[in-house]
Amino acid sequence: MDVKLRPLQVADAALLARLYLAERDFLAPYDPPRPESFWTAGGQRIELDLLERERGGDRLHRFLIEADGTPAGAVSVSRITRGPFQSGGLGYWVAQELNGRGVATAAIGRVCEWGFREAGLHRLEAATLTDNIGSQTVLRRNGFAEIGLSPRYLFIAGAWRDHILFAKTAEDH
Ligand SMILES: CC(C)(COP(=O)(O)OP(=O)(O)OC[C@H]1O[C@@H](n2cnc3c(N)ncnc32)[C@H](O)[C@@H]1OP(=O)(O)O)[C@@H](O)C(=O)NCCC(=O)NCCS
């Protein structure tokens, strides 16, 4: 599939709410706690307003993933730290019905290109649940190296869960 990224805007609130609502059950095992408003256009507007502010401060960037021109998911680069670190953390998802077609692999390739070539980052990191083989495959295929297991790393789906940490630096891109 032809996979493109475009920066999310406040005007995408309704579209994003529809996408998240359709994937609510699929994404539940990977989600942090969210207010019930998250799955509404109004809630997404709040999220996207926050994104505008964070993007302005160069702390967070988020992109819509489009596959053959259809909205297919999202990818974010968060916790951006400059100075000697020049690092950011990836978060991503792809709609269940489009899984297994290389969409996430291509989207992570594009966000690496953006991070290392446009945003001037030196390092991108990601954390997966220990049993999220699909996500680990996507990262390995994009040249991410496994750092190791971080016990109780994130509060996901109602509990502090172990994650495997991955990172890639510009030298490996
Ligand atoms: C993880 C996720 C992004 C993968 O998206 P995707 O578009 O299906 O990924 P790709 O098609 O590029 O690659 C996934 C690969 O992993 C493989 N895979 C997926 N689940 C697997 C499993 N349980 N065991 C073995 N391989 C698996 C797929 O078959 C595919 O490999 P292939 O191309 O050889 O068939 C998607 O499933 C998703 O959004 N999951 C829920 C949210 C999430 O996990 N986000 C990441 C948090 S770290």
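Each ligand, and each atom within it, is numbered from 1 in the order the structure gives.
- The closest protein non-hydrogen atom to atom 7 (O) of ligand 1 is Ala104 N, 3.0 Å.
- Atoms CD and CZ, on Glu125 and Phe144 in that order, are 9.5 Å from each other to the nearest 0.5 Å.
- Those atoms of ligand 1 that come under 4.0 Å of a heavy atom in Trp93, given as number and element, are 39 (O), 42 (C).
- Ranking protein heavy atoms by distance to atom 44 (O) of ligand 1, first place goes to Asn132 ND2, 2.7 Å.
- At a heavy-atom distance under 4.0 Å, only backbone atoms of Ala127 (N, CA, C or O) approach ligand 1.
- What sits closest to atom 37 (O) of ligand 1 on the protein, heavy atoms only, is Asn99 OD1, 2.6 Å.
- Ion pairing between a basic and an acidic side chain is recognised when a charged N comes within 4.0 Å of a carboxylate O; Glu52 and Arg55 show such pairing.
- Residue His163 holds its NE2 atom at 4.0 Å from CG of Leu129, rounded to the nearest 0.5 Å.
- When only non-hydrogen protein atoms are considered, atom 45 (N) of ligand 1 lies nearest to Tyr92 O, 2.7 Å.
- Side-chain polar atoms of Tyr92 and Ser135 form a donor-acceptor pair below 3.5 angstrom.
- Here is the list of ligand 1 atoms found below 4.0 Å of a heavy atom in Arg101: 11 (O).
- The shortest heavy-atom distance from Gly102 to ligand 1 is under 4.0 Å.
- Counting heavy atoms closer than 4.0 Å to ligand 1, residue Tyr30 contributes side-chain atoms (C-beta onward) but none from N, CA, C or O.
- Note that CG of Leu16 is 7.0 Å distant from CZ of Phe38, once rounded to the nearest 0.5 Å.
- A distance of 8.0 Å separates CG of Leu165 from CG of Leu149, quoted to the nearest 0.5 Å.
- Taking atom 26 (N) of ligand 1 as the reference point, the nearest protein heavy-atom neighbour is Ile133 CG2, 3.9 Å.
- The protein non-hydrogen atom at the shortest distance from atom 19 (C) of ligand 1 is Gly134 CA, 3.4 Å.
- Note on Glu36 versus Arg24: salt bridge recorded, some NZ/NE/NH1/NH2 to OD/OE distance being below 4.0 Å.
- Distance from atom 39 (O) of ligand 1 to its nearest protein heavy atom, with residue and atom name: Val94 N, 2.8 Å.
- Nearest non-hydrogen protein atom to atom 40 (N) of ligand 1 is Phe26 CZ, 3.6 Å.
- Listed by number with element, the atoms of ligand 1 under 4.0 angstrom from any heavy atom of Gly100 are 6 (P), 8 (O), 11 (O).
- One N or O on the side chain of Thr40 and one on the backbone of Gly43 form a donor-acceptor pair closer than 3.5 Å.
- By the criterion of a heavy-atom distance under 4.0 Å, the side chain of Thr137, and not its backbone, is placed next to ligand 1.
- The shortest heavy-atom distance from Arg141 to ligand 1 is under 4.0 Å.
- Every atom of ligand 1 is numbered from 1 in the order shown, and the set under 4.0 Å from a heavy atom of Thr105 is 10 (P), 12 (O), 13 (O).
- The closest donor-acceptor contact from the side chain of Gln136 to the backbone of Thr130 lies under 3.5 Å.
- Each of the atoms 41 (C), 42 (C) of ligand 1 lies under 4.0 Å from some heavy atom of Leu27.
- Formation of a donor-acceptor pair under 3.5 Å by the Gln44 side chain with backbone atoms of Asp12 is not found in this model.
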Name each donor-acceptor pair under 3.5 Å that joins a side chain in residues 61-73 to protein atoms two or more places apart or in another chain, with its distance.
residue, atom, partner, partner atom, Å
His61, NE2, Asp58, OD1, 3.4
Arg62, NH2, Tyr20, OH, 2.9
Asp68, OD1, Asp2, N, 2.8

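- Relative to atom 1 (C) of ligand 1, the option among Gly109, Ala72, Ser135 with the closest non-hydrogen atom is Ser135.
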